[in-house]
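One structure is given here, and the rest of the page talks about it.
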Amino acid sequence: MIQGLLLALAAGSLVSLQNIFNTKVNERTGSWATTTLVLGMGFAASLTFGLIFEGGQLFNLLNMKPWYWISGAIGVGVVICLTLGIRQLGPTYAISIVLISQLGCALLWDSQGWLGLEKVPFTFQQLVGVLIIVGGILVFKLGGRRPKEIKS
Amino acid sequence: MRGLLFAFLGGAFITLQGVANSRISQDIGTWQAATVTQLTGFLMALLILLVVRDGNRQGLKQVKPLYLIGGSMAAVIIFSEVTAIHKVGVTFTISALLIAQLCLTFLIDTNGWFSVMKRKMKLPQFIGLGLMIAGVIILKF
């Protein structure tokens with residue numbers, strides 16, 4: 001469990017850094033130019049690591065299913081929804097909802113085991129844990145800022 | 001109302017991305033999954049870029065090179081997230097990931113690192129992080 005926890009923490013820290021770096025790029029160019037650059041860099045890095053750790057095996061895509069090829073569209077959907085959501089609601093409210101929705105969907109996914117992932121049974125304890133995290137997100141995001149700041 | 005829907009869908013897509021990568025990695029391997037999804041996402045974004053043409057060459061030259069390669073972190077992010085989901089499930093992975101993400105953003109904001117605008121954090125932000133960590137502990141123990 002500790003290994004899974006550490007990996008998740010590492011991923012979260014990198015997401016935070018990446019968001020800041022991407023915002024810096026976005027300040028100077030459009031959001032599609034930024035998205036293209038970000039995904040292009042991600043592809044180059046994945047290809048490099050893949051070649052280092054897997055060698056030629058990287059191109060062995062025997063069990064590929066057709067929908068795997070369009071799964072990259074999800075990332076494009078993320079960018080469109082976040083951009084439009086933030087434009088309409090402002091960053092503070094939009095990101096609060098994004099975070100809560102992320103958690104809610106995670107809970108739903110675990111309890112249903114969709115796409116053949118291992119099912120994690122839904123328990124009352126899990127519900128309480130998630131609700132407390134949601135409370136924390138709301139306090140963190142909406143607490144102690146003047147209403148003016150929240151709106152803009 | 002539309003803003004709410006977009007924000008909600010955005011969050012759903014972020015989780016779906018992690019789940020889809022985990023599923024794909026079961027069949028073809030984790031690095032393969034990262035490479036394929038980033039490549040197809042890149043091609044799709046490029047196509048949209050060619051239509052909307054919102055690029056700004058001059059602007060890009062003013063960005064520090066370090067920030068331009070930020071996207072490459074996705075390789076490590078995907079690998080870590082996928083492995084974590086396989087080990088501890090989606091809910092726990094996303095919860096821990098969000099806490100680390102908010103904690104680091106919080107640190108960067110209060111210290112003004114990477115020349116972001118310095119923001120003072122007050123008691124509610126500490127309480128919020130405390131609640132989130134308590135929630136994750138309840139989730140697993």
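Order of the sequence lines sets the chain letters (A, B, ...), proteins ahead of strands, with each chain counted from 1. Values reported hereafter were calculated over all heavy atoms of this structure, with side chains retained and with hydrogens, waters and symmetry mates removed. Keep in mind the model is a prediction, meaning the values are calculated, not measured.
- Using a 4.5 Å cut-off between heavy atoms, Val134(A) does not touch chain B at all.
- Of the two parts of Glu54(A), only the side chain, counted from C-beta on, holds a non-hydrogen atom closer than 4.5 Å to a non-hydrogen atom of chain B.
- Both the backbone and the side chain of Leu17(A) come within less than 4.5 Å of a heavy atom in chain B.
- Only the side chain of Val52(B) comes within less than 4.5 Å of a heavy atom in chain A; its backbone stays farther off.
- Of the atoms belonging to Val76(A), it is side-chain heavy atoms, and not backbone ones, that fall under 4.5 Å from chain B.
- Both the backbone and the side chain of Ala73(A) come within less than 4.5 Å of a heavy atom of chain B.
- Looking at Leu37(A), the atoms closer than 4.5 Å to chain B (heavy atoms on both sides) all sit in the side chain, from C-beta outward.
- Of the atoms belonging to Leu98(B), it is side-chain heavy atoms, and not backbone ones, that fall under 4.5 Å from chain A.
- Heavy-atom distances place both the backbone and the side chain of Ser115(B) under 4.5 Å from chain A.
- For Ser111(A), no part lies near chain B; criterion is any non-hydrogen pair under 4.5 Å.
- Both the backbone and the side chain of Leu66(B) come within contact range of chain A, judged by heavy atoms closer than 4.5 Å.
- Heavy atoms of Ile20(A) lying under 4.5 Å from chain B belong exclusively to its side chain.
- Taking all atoms of both residues into account, the shortest heavy-atom contact from Val139(A) to Gln125(B) is O-NE2, 4.3 Å.
- Contact annotation for Arg2(B): both backbone and side-chain heavy atoms come within less than 4.5 Å of a heavy atom of chain A.
- Contacts of Leu107(B) with chain A are absent, with no heavy-atom separation under 4.5 Å from either backbone or side chain.
- A donor-acceptor contact closer than 3.5 angstrom links the side chains of Ser16(A) and Thr105(B).
- Counting only N and O atoms by type, the side chains of Asn22(A) and Tyr67(B) include no donor and acceptor under 3.5 Å apart.
- Rounded to the nearest 0.5 Å, atoms CZ (Phe92(B)) and CG (Asp110(A)) are 11.5 Å apart.
- Using a 4.5 Å cut-off between heavy atoms, Val88(B) touches chain A through its side chain atoms alone.
- Interface remark: Gln26(B) contributes side-chain atoms only to the contact with chain A (heavy atom separation under 4.5 Å).
- Closest approach of Leu103(A) and Ser95(B) over heavy atoms only: CD2-OG, 3.3 Å.
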